[in-house]
Amino acid sequence: MKLNKPSLILFFFALLCTIIFDWTQQEVFATYSKAIVLPAIFIYYLISSEFEIKKTEGVIFLFCFVGQVYDLMDVESSELGGVLCFLAVYSLIVTLFIREHERIKLTKRDILPISIVVVFIVYLLISVLSLQLDSMRKFILIYTVYGIVLSILSYFCFVSYITKGTHIALLMSLMAISYIFSDIFYIFNEYFSYSVVLVLIRDTTQILAYFFMVEYFLEKARIQKKTTLQ
């Protein structure tokens with residue numbers, strides 16, 4: 001068994017436990033399960049990358065940890081703290097896209113699918129921001145910036161997949177989809193009455209977003225290493 005396998009098994013075991021405890025409404029045990037997720041996937045990333053971690057990726061993990069702690073604490077400042085932490089995460093990932101990826105070149109056949117993607121992203125952004133939540137009205141500027149940054153991140157991911165169709169672009173798109181769904185269903189949980197299904201989708205997509213993010217980091221490092229050796 002490879003050295004990174006036990007931590008990956010632990011990660012998916014924590015995901016399975018989270019789903020089971022969410023479904024049975026065992027909130028305390030679900031919290032314990034979610035607390036295992038990030039340490040497990042971080043250890044998997046460290047071992048897989050041979051303990052080579054860049055500053056930007058390290059800071060992204062730090063903000064993910066802090067954001068997760070805010071979520072698990074569930075205190076008065078948790079919502080705003082979590083939003084600010086993941087705003088930082090999305091901003092740093094966008095910075096990685098701009099700094100480390102080739103410029104996207106569009107062709108005529110890409111115009112229609114990209115237009116559909118842009119319309120879909122803008123529609124989601126406007127629809128979510130129009131929900132009448134007290135917290136969103138109070139911090140509307142922060143939520144607007146948060147939505148715009150997530151939209152930019154999603155645009156880069158989806159357009160990369162449409163134009164290139166590579167494995168890394170697929171990982172980027174899956175990461176963006178997971179983050180979008182986790183944030184949307186987080187807001188739905190605040191807006192609508194309690195629903196086990198909404199909680200399940202929120203937690204599952206949030207955890208899967210970490211997995212796809214780490215796989216994206218690892219694939220990006222492999223490509224860069226291969227390019228350096230050539």
Exercise. Going through the checks in order, is the side-chain contact (heavy atoms from CB on, under 4.5 Å) test met by Ser195 and Asn189?
Worked result: CA-CA 7 Å; Ser195 168; Asn189 273 280; 5.7 Å; no
Donor-acceptor contacts, no H, no angles, side chain residues 172-179, under 3.5 Å, sequence neighbours left out:
unit_1	atom_1	unit_2	atom_2	d
Ser173	OG	Cys157	O	3.2
Ser173	OG	Ala169	O	3.0
Ser178	OG	Leu174	O	2.9

For this session: List in chain and number order the residues that pass salt bridge (charged side-chain N to carboxylate O under 4.0 Å, His left out) with Glu57, two or more places apart in sequence or in another chain; answer none if no residue qualifies.
Result: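 By the salt bridge (charged side-chain N to carboxylate O under 4.0 Å, His left out) rule, Glu57 matches Lys220.
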Which residues satisfy the side-chain contact (heavy atoms from CB on, under 4.5 Å) test with [X], sequence neighbours excluded?
X	value
Thr56	Ile60, Leu92, Leu96, Arg99
Leu62	Val66
Tyr123	Ser127

Tell me, please, which residues at least two apart from [X] pass side chain to side chain donor-acceptor pair (under 3.5 Å).
X	value
Tyr146	Tyr90, Asp183
Lys54	Gln224
Ser48	Asn4

4.5 Å side-chain heavy-atom contact, [X] and [Y]:
X	Y	value
Ile114	Tyr155	yes
Ile41	Ser7	no
Val122	Ser151	no
Cys64	Leu38	yes
Ile53	Phe217	no

So, taking the atom named [atom1] in [X] and the one named [atom2] in [Y], what distance separates them when rounded to the nearest 0.5 Å?
X	Y	atom1	atom2	result
Ile148	Leu87	CD1	CG	10.5 Å
Ile180	Leu153	CD1	CG	8.0 Å
Arg109	Thr163	CZ	OG1	9.5 Å
Phe51	Tyr45	CZ	OH	12.0 Å
Ser91	Ile152	OG	CD1	8.5 Å

Could you give the side-chain donor-acceptor pairs of residues 205-215 under 3.5 Å, partners two or more places apart or in another chain?
unit_1	atom_1	unit_2	atom_2	d
Thr205	OG1	Ser182	N	3.3
Thr205	OG1	Ile201	O	2.6
Thr205	OG1	Arg202	O	3.1
Gln206	OE1	Ser182	OG	3.1
Gln206	NE2	Tyr210	OH	3.1
Tyr210	OH	Gln68	OE1	3.1
Glu215	OE2	Tyr44	OH	2.7

Could you see if [X] belongs to whatever hydrophobic cluster contains [Y]? Use Ile, Leu, Val, Met, Phe, Trp, Tyr and a side-chain cutoff under 4.5 Å.
X	Y	answer
Ile36	Val69	no
Ile126	Val128	yes
Leu125	Ile116	no
Leu141	Phe86	yes
Leu10	Leu72	no

Surrounding [atom1] of [X] (heavy atoms of other residues, nucleotides or ligands, distance under 6.0 Å), is the total greater than 12?
X	atom1	value
Phe12	CZ	yes
Phe29	CZ	no
Phe188	CZ	yes

Contacts under 3.5 angstrom, residues 13-26 side chains, donor-acceptor by atom type, not counting sequence neighbours:
unit_1	atom_1	unit_2	atom_2	d
Thr18	OG1	Ala14	O	2.7
Thr24	OG1	Ile20	O	2.9
Thr24	OG1	Phe21	O	3.4

Exercise. Got a sec, which pairs hit salt bridge (charged side-chain N to carboxylate O under 4.0 Å, His left out) with one end in residues 24-39, sequence neighbours left out?
Worked result: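 Checked against salt bridge (charged side-chain N to carboxylate O under 4.0 Å, His left out) - neighbours excluded - the pairs reaching residues 24-39 are Lys34-Asp203.
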Problem set entry | Ring centroid separation Tyr161 to Phe158 under 6.0 Å |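 No: the rings miss the under 6.0 Å criterion.
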Problem set entry | Under the ring-ring contact (aromatic ring centres under 6.0 Å, His included) test, residues paired with Phe65 that sit two or more places apart |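 Partners of Phe65 by the ring-ring contact (aromatic ring centres under 6.0 Å, His included) criterion, ordered by chain and then number, come out as Phe42.
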